[in-house]
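To start, the structure itself, in structure tokens.
Below, read A as the first sequence line, B as the second, and so on, with proteins coming before strands; counting in each chain starts at 1.
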Amino acid sequence: MSEQQKREMSDETVIRLVGMHKWYGDFHVLKDINLDVKRGERIVICGPSGSGKSTMIRCINRLEEHQQGQIIIEDTELTNDVKNIEEVRREVGMCFQHFNLFPHLTILDNLTLAPIWVRKMPKKEAEELAMHYLERVKIPEQADKYPGQLSGGQQQRVAIARSLCMKPNIMLFDEPTSALDPEMIAEVLDVMVTLAEEGMTMLCVTHEMGFARKVADRVIFMDGGEIIEENTPEPFFNNPQNERTQLFLSQILNH
Amino acid sequence: MAEKYTPGTHPDLPPPKNLVGPAAWIRDNLFSGPVNSIMTLFCLYLLWVIVPPLVNWLFLNADWIGTSRDDCSKEGACWVFIDVWMRQLMYGRYPAEEIWRINLSYILVVLTALPLFFKAVPSKVKGALAGVLLIVYPIVFFYLYVGGSFGLEFVETPRWGGLFLTLVIAVTGIVASLPLGIVLALGRRSEMPVVKSLCVVFIEFWRGIPLITVLFMASVMFPLFVPEDLSPDKLVRALVGVALFSSAYMAEVIRGGLQAIPKGQYEAAAAMGLSYWKSMLLVILPQALKMVIPGIVNTFIGLFKDTTLVLIIGLFDLLGMAQAAATNTDWLGFTIEGYVFAAFGFFVFCFAMSRYSQRLERALDTGHK
């Protein structure tokens with residue numbers, strides 16, 4: 001961990017999962033998840049498919065409901081209270097595997113929608129903000145196009161910019177590069193690395209181990225709905241403790 | 001020998017002869033094989049048999065000028081009949097000196113709707129005009145048509161009729177059924193069990209009974225249960241019946257659109273902190289409605305034609321008026337002209353709706369999928 005990263009991370013815990021369980025019907029998807037995330041911390045979550053890693057981060061902004069345990073985001077506990085849920089969602093941005101841009105709106109309108117309707121920002125100000133973030137993801141020239149006219153990599157960068165327009169304190173990434181052609185992965189990862197270097201609190205579900213080594217403060221390995229192992233990147237990759245972690249790493253790194 | 005081909009340097013050659021032009025088109029599309037050739041010849045024969053007599057009856061042998069049936073001496077259609085009855089066909093028994101009120105409303109609608117068809121008009125102006133059309137005009141026109149206030153003479157609804165009545169019923173049904181249908185469709189997909197069951201019961205009830213039953217109930221049964229002075233006007237009861245009936249169909253069409261929206265759209269809207277209603281209005285419904293424009297317009301067209309059923313409760317729409325005119329003792333025997341004219345009237349409006357929906361689909365296409 002570099003000096004700079006240490007300085008950015010504070011002691012304040014912004015996400016706290018305590019003894020969280022989730023079931024789909026009879027199927028026990030998440031088993032006793034305990035996780036504390038500090039402000040500015042960058043966490044990469046990996047694991048085989050069906051291990052519950054996506055479900056876990058989707059619980060953090062309550063796209064999925066947990067049935068037992070506690071989820072506390074910046075002092076707000078997620079319960080059935082719609083007010084709390086909307087408050088948390090305003091502060092937590094999310095990027096999806098399939099981008100989920102709104103196809104009936106232009107890129108600019110995609111970005112200004114939430115600032116205008118959730119943050120009550122004047123339209124002009126929202127558009128300036130949107131252009132600022134489009135420049136940061138390096139596609140300001142696409143502002144007036146529709147999502148269907150952009151490549152996958154461009155769409156994902158727009159999706160990241162759209163989340164950033166809400167000025168979130170925390171960003172969740174749910175396999176942001178899994179639906180992309182190989183030559184487009186780099187452009188999205190570049191944006192994510194920049195974001196990480198600026199001190200954004202990030203939780204990324206991804207199989208990009210290069211990205212994990214480069215920016216992660218902590219790598220978490222999940223399997224069968226449990227957190228099996230967590231460590232800083234160096235020991236995690238070089239000296240995994242658990243058998244299942246070793247097997248998983250050997251499968252994804254050795255080809 | 002041909003020169004060596006270098007990619008990208010080949011000159012454009014004209015297409016081979018006999019592949020373009022009218023002769024080639026006819027050969028490819030009409031005479032591409034023995035079966036197609038026979039079909040083409042057969043269709044030409046059919047046209048030859050049908051079209052000339054039709055044109056003769058409709059135009060060449062028809063009587064156009066006159067005031068009574070004695071002026072119809074030719075073999076073709078007697079359009080004098082339509083001409084003489086035109087006022088009733090258009091306005092029913094609405095008093096002649098008050099017809100300007102109806103015409104005024106037509107002119108207002110056309111003038112307000114016209115700017116909506118031009119791209120140069122800013123969308124804010126268009127929104128305001130649409131608001132006037134959908135919210136202000138229904139209220140204004142109510143007072144304009146009924147009268148009894150603002151110095152206008154009172155015209156009771158049994159005197160309304162003809163195309164005017166058709167439009168009143170159809171437009172009320174259309175304007176009311178879309179928002180009602182949206183609410184019902186959202187309600188049916190709600191996770192709240194009470195809301196959901198209420199919507200399901202409502203939709204299934206209205207879809208399960210014929211429109212004739214609805215109209216008959218509204219006009220005959222309703223007064224039996226409700227005291228006369230509390231019971232609203234017959235036309236109002238019919239309008240409410242038609243609106244509820246078509247909103248049930250509309251709800252199912254819109255629900256189809258809602259189901260076609262990927263789950264990711266709902267999640268993305270929710271993840272940004274949009275509330276349920278905001279995400280529906282801003283994200284889900286614009287996409288869902290766009291997707292089911294053909295189904296919505298289909299329902300509109302069906303509704304427009306179903307208005308003819310009000311004949312059963314003694315209201316005379318365009319078709320009813322044409323039938324009534326043909327049973328007038330002075331004009332017996334001109335039923336066909338009446339039906340042809342009514343059919344023409346209905347076709348004009350339904351075809352216009354169909355064309356408008358295609359235009360709308362093209363205008364809203366954002367290149368997705």
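- Side-chain contact between A:R162 and B:M272 is present, with at least one heavy-atom pair separated by less than 4.5 Å.
- You'll find the side chain of B:Q265 reaches within 4.5 Å of the side chain of A:P103, heavy atoms only.
- Neither the backbone nor the side chain of A:D174 comes within less than 4.5 Å of any heavy atom of chain B.
- Atom CD1 of A:I85 is separated from atom OG of B:S275 by 12.5 Å, given to the nearest 0.5 angstrom.
- Using a 4.5 Å cut-off between heavy atoms, A:R58 touches chain B through its side chain atoms alone.
- Neither the backbone nor the side chain of A:L172 has a heavy atom closer than 4.5 Å to any heavy atom of chain B.
- Side-chain atoms of A:M94 and B:E267, non-hydrogen and from C-beta on, never get closer than 4.5 Å to each other.
- Rounding to the nearest 0.5 Å places CH2 of A:W117 at 10.0 Å from CG of B:L274.
- Nearest heavy atoms, A:L63 versus B:A270: CD2-CB, 4.1 Å.
- With a threshold of 4.5 angstrom between heavy atoms, A:F102 approaches chain B through its backbone and through its side chain.
- For a residue to count as touching a neighbouring chain, one of its non-hydrogen atoms must lie under 4.5 Å from one of that chain's; by this rule A:V92 touches chain B with the backbone only.
- Closest non-hydrogen pair, B:A268 versus A:N100, comes out as CB-O, 3.5 Å.
- Crowding of B:R355 atom CZ: a count of heavy atoms from other residues, nucleotides or ligands under 6.0 Å not exceeding 12.
- Annotation for A:D75: atom CG does not count as buried by contact number, only 12 or fewer foreign heavy atoms lying within 6.0 Å.
- Around atom CZ of A:R16, no more than 12 heavy atoms belonging to other residues, nucleotides or ligands sit under 6.0 Å away.
- With a 4.5 Å cut-off on non-hydrogen atoms, A:H104 touches chain B through its backbone and its side chain both.
- Contact check for B:V283 versus A:L105: no side-chain heavy atoms found under the 4.5 Å cut-off.
- By the 6.0 Å contact criterion, CZ on B:F351 is open, its count of non-hydrogen atoms from other residues, nucleotides or ligands being 12 or less.
- When the shell of 6.0 Å around NZ of A:K167 is examined, it contains 12 or fewer heavy atoms from other residues, nucleotides or ligands.
- Within 6.0 Å of NZ in B:K305 there are 12 or fewer heavy atoms belonging to other residues, nucleotides or ligands.
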